[in-house]
Number of protein chains: 2
Amino acid sequence: MNDIDQIIETLRGKQFRITPQRELIIRALADVDEDDHLTAEEIHKRVQVHTSAVNIATVYRTLDMLVEEGLVSRIDLGGDKEVFATVHHGMHMHLVCRQCGHVLDADAQILRDVGQYLFSEYEFVADLEHISLFGICANCQQ
Amino acid sequence: MNDIDQIIETLRGKQFRITPQRELIIRALADVDEDDHLTAEEIHKRVQVHTSAVNIATVYRTLDMLVEEGLVSRIDLGGDKEVFATVHHGMHMHLVCRQCGHVLDADAQILRDVGQYLFSEYEFVADLEHISLFGICANCQQ
DNA sequence: TTCGTAATTGCGAATAATTGCAACTACATT
DNA sequence: AATGTAGTTGCAATTATTCGCAATTACGAA
Ligand SMILES: [Mn+2]
Ligand SMILES: [Mn+2]
Ligand SMILES: [Zn+2]
Ligand SMILES: [Zn+2]
C-alpha cells in the first residue's frame, strides 16, 4: 500500500469522509520529492491543475485536520513560511536562523532521548520526526 | 540593572533607536508575571493604556525585531495562538496537544544535550530556553 | 438502489498580519 | 543648540487566514 492509500485508509477508520477535494490535497502532498515541503498556497495551486473546483478555505481546513490527526506535519520555517509534508518525508529537523532565515537540515536522532523523557515524565507523546528549532547559524555568529 | 534597561542597553549597543513606542512595548513585555506570556494584540492593548499613539503595525514590527535580536522569544501555542516573553521568563518548554490544544509546562534541562550536539555538529546556536513541542497529551491518548 | 442525515464544502464576509511609502524623529555631528 | 540623515512610524492598502452559514454530498442503512 502506498503513502496516499495509507492516509486515506486511516481517515476512513476514523470516520472521516473521503471527498475528491481531500484526495487531491493528500495526493499533492504525497507526490513531492522526499525532501520537499509545500505551503498551503502551493498545495492549492497543484490541486487546481486537476480541477479548479477546490476552494482555498478547504485546503486550509483539510491541512488542519490532517495535522490534528498526526498524518501530516506542519513546519514553521520562520515567521511567514509555514510548510507541510507527510510522514514519508523522513525524520530530521530544521535549524532555522532567526537572523538571516537560512534553513539547515539536521539529524534528529538525538531527539529520541527527549521523546522518551517526555513520555516517562509527563505521559506526553511528542512529535519529533520533523520539527524546527530556531537560533543563530554559523555564518551569522560572525 | 533591571530587565527593561538591560534590553534597551543591548539595543543601543546595536545602533537601534530607542523610541517611546519601543520602550512601551518592552515595558509591557517585561512587566508580566514570571510565568506569563502575551500575544501581540495584548501587548498593543497594554501599551494603549499609557498612550493611544502606538500603531499595531509597530507592535508587530518591534516584536519581530526583538525576536530577531534574541531579546524576546516567540512561542507557538498551537495554530492561532502566538505569544511573546522576555528572557526573565525562565527556562522551560511547552508541550502542546495537537488534538485538544492543552498546554503543559515541562522541564527543559534535557535540551542541553541537544544544544551541545547541534553546536558541535552544525555550529548552530539553538534557542532552547523556551520552546514548544507538539504531540498528544496523556488525556487524548484515551 | 434509493434515502436520510451528518459531515463537508464553497462562498462571501470578517479578521489578522504584512507591506509600501511619505512623514517624522532619535541621535550623531557640528 | 541647531542641523542632517538614516532609522522608524503611521496610515492605508494588500494579502493571508478564518469563520458563519446555506447548499451539497459521502456513505451507512433500508
Ligand atoms: Mn523537512
Ligand atoms: Mn512559557
Ligand atoms: Zn544566519
Ligand atoms: Zn490533548
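Values reported hereafter were calculated over all heavy atoms of this structure, with side chains retained and with hydrogens, waters and symmetry mates removed. What you see is a predicted model, and the numbers here were worked out from it, not measured in a lab. Throughout, protein chains are lettered first and strands after them, A, B, ... in sequence-line order, and every chain is numbered starting at 1.
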Applying side-chain hydrogen bond (donor to acceptor under 3.5 Å, both in side chains), name anything that partners [X], two or more places apart in sequence or on another chain.
X	value
A:Q99	none
B:N55	none
A:D127	B:R98
B:D105	B:H94

Per-nucleotide protein contact along nucleotides 8-20 of chain D, 5' to 3', at a 4.0 Å heavy-atom cut-off (B base, S sugar-phosphate only, - neither), is SSBB----SSBBB
Do NZ/NE/NH1/NH2 and the carboxylate oxygens of A:E9 and A:R12 come within less than 4.0 Å?
-> yes
How would you give the extent of chain B contacts on DNA chain C, as first and last nucleotide 5' to 3' within a 4.0 Å heavy-atom cut-off?
-> C:dA17 to C:dC27
With a cut-off of 3.5 Å and sequence neighbours excluded, list every side-chain donor-acceptor pair involving residues 131-141 of chain B.
{"unit_1": "B:S132", "atom_1": "OG", "unit_2": "B:D76", "atom_2": "O", "d": "2.9"}
{"unit_1": "B:Q141", "atom_1": "NE2", "unit_2": "A:E123", "atom_2": "O", "d": "2.8"}
{"unit_1": "B:Q141", "atom_1": "NE2", "unit_2": "B:I136", "atom_2": "O", "d": "3.0"}
{"unit_1": "B:Q141", "atom_1": "NE2", "unit_2": "B:C137", "atom_2": "O", "d": "3.2"}

One would report the end-axis bend of the helix from C:dT1-D:dA30 to C:dT30-D:dA1, five pairs per end and rounded to 10 degrees, as 40°
Not counting sequence neighbours, list each pair that qualifies as a ring pair (Phe, Tyr, Trp, His ring centres under 6.0 Å) and has a residue in residues 101-123 of chain A.
-> none
Donor-acceptor pairs under 3.5 Å, side chain of residues 67-75 of chain B to any protein atom, not counting sequence neighbours: which ones?
{"unit_1": "B:E69", "atom_1": "OE1", "unit_2": "B:K14", "atom_2": "NZ", "d": "2.8"}
{"unit_1": "B:S73", "atom_1": "OG", "unit_2": "B:H130", "atom_2": "ND1", "d": "2.8"}
{"unit_1": "B:R74", "atom_1": "NH2", "unit_2": "B:D64", "atom_2": "OD1", "d": "3.0"}

To which residues is A:M91 joined in a hydrophobic cluster, defined by side-chain heavy-atom contacts under 4.5 Å among Ile, Leu, Val, Met, Phe, Trp and Tyr, whether direct or through other members?
-> none
Not counting sequence neighbours, which residues clear side-chain contact (heavy atoms from CB on, under 4.5 Å) with A:D31? List them please.
-> A:I4, A:R27
